[in-house]
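Every heavy atom of this structure was used, including side-chain atoms; hydrogens, water molecules and symmetry mates were not. Counting begins at 1 with the first residue of the sequence.
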Amino acid sequence: MDTLDNNFKNEPQQTPQNDDNSMAMLVHLLGLISLMSSLLGFIATAVFYAVNKKRSHFVREHARQALNFQIGYFLMQLIIASISIFFLL
C-alpha cells in the first residue's frame, strides 16, 4: 500500500479530466448494485478499484472512498441480518 502512495506523492496536482470525472462517478454509481445484493456491489467496486487504481490519483481516491463505503455497508447488513435472525429464533 505504501508503494502506491509513494508513486502518487510526486505527481503534480492536476485538475481532473472529463474522463476521470466520469470514471469517478461510475465507481460511486456501482454502489447502486448493492441495493440488489450488497456482496455484488462490494465485488463490483473492488474489481473497479483493482483495475483502475493506477489510472489517476483522482480516480484512485474516489474508488477507494467507494470501496470503503461498500465494506461498511456490507458489514452493517451482516450485523443487522445476524441480529434479526437471533430475535426471530
Pairs satisfying side chain to side chain donor-acceptor pair (under 3.5 Å), at least one member in residues 21-31, at least two apart
His28-His62
Atom CD1 of Ile83 and atom CG of Leu78: how far apart are they, to the nearest 0.5 Å?
11.0 Å
In this structure, OG of Ser82 is separated from CD of Gln77 (nearest 0.5 Å) by 11.5 Å
Any side-chain heavy-atom pair of Leu67 and Phe48 under 4.5 Å
no
Can you spot which of Gln65, Arg60, Gln70 makes a side-chain contact (heavy atoms from CB on, under 4.5 Å) with Tyr49?
Arg60
Linking I/L/V/M/F/W/Y whenever their side-chain heavy atoms sit closer than 4.5 Å, directly or via other members, would Ile85 and Leu75 fall into one cluster?
no
Between Val27 and Val59, is there a side-chain heavy-atom distance shorter than 4.5 Å?
no
If Ile, Leu, Val, Met, Phe, Trp and Tyr residues are connected whenever their side-chain heavy atoms lie under 4.5 Å apart, and connections chain through other members, are Tyr73 and Ile80 in the same group?
yes
Would you check, one step at a time, whether the test side chain to side chain contact (heavy atoms under 4.5 Å, CB included) holds for Phe69 with Thr45?
CA-CA 10 Å; Phe69 177 80; Thr45 308; over 6 Å; no
About how many Å separate CZ of Phe74 and CD1 of Ile43, when rounded to the nearest 0.5 Å?
8.5 Å
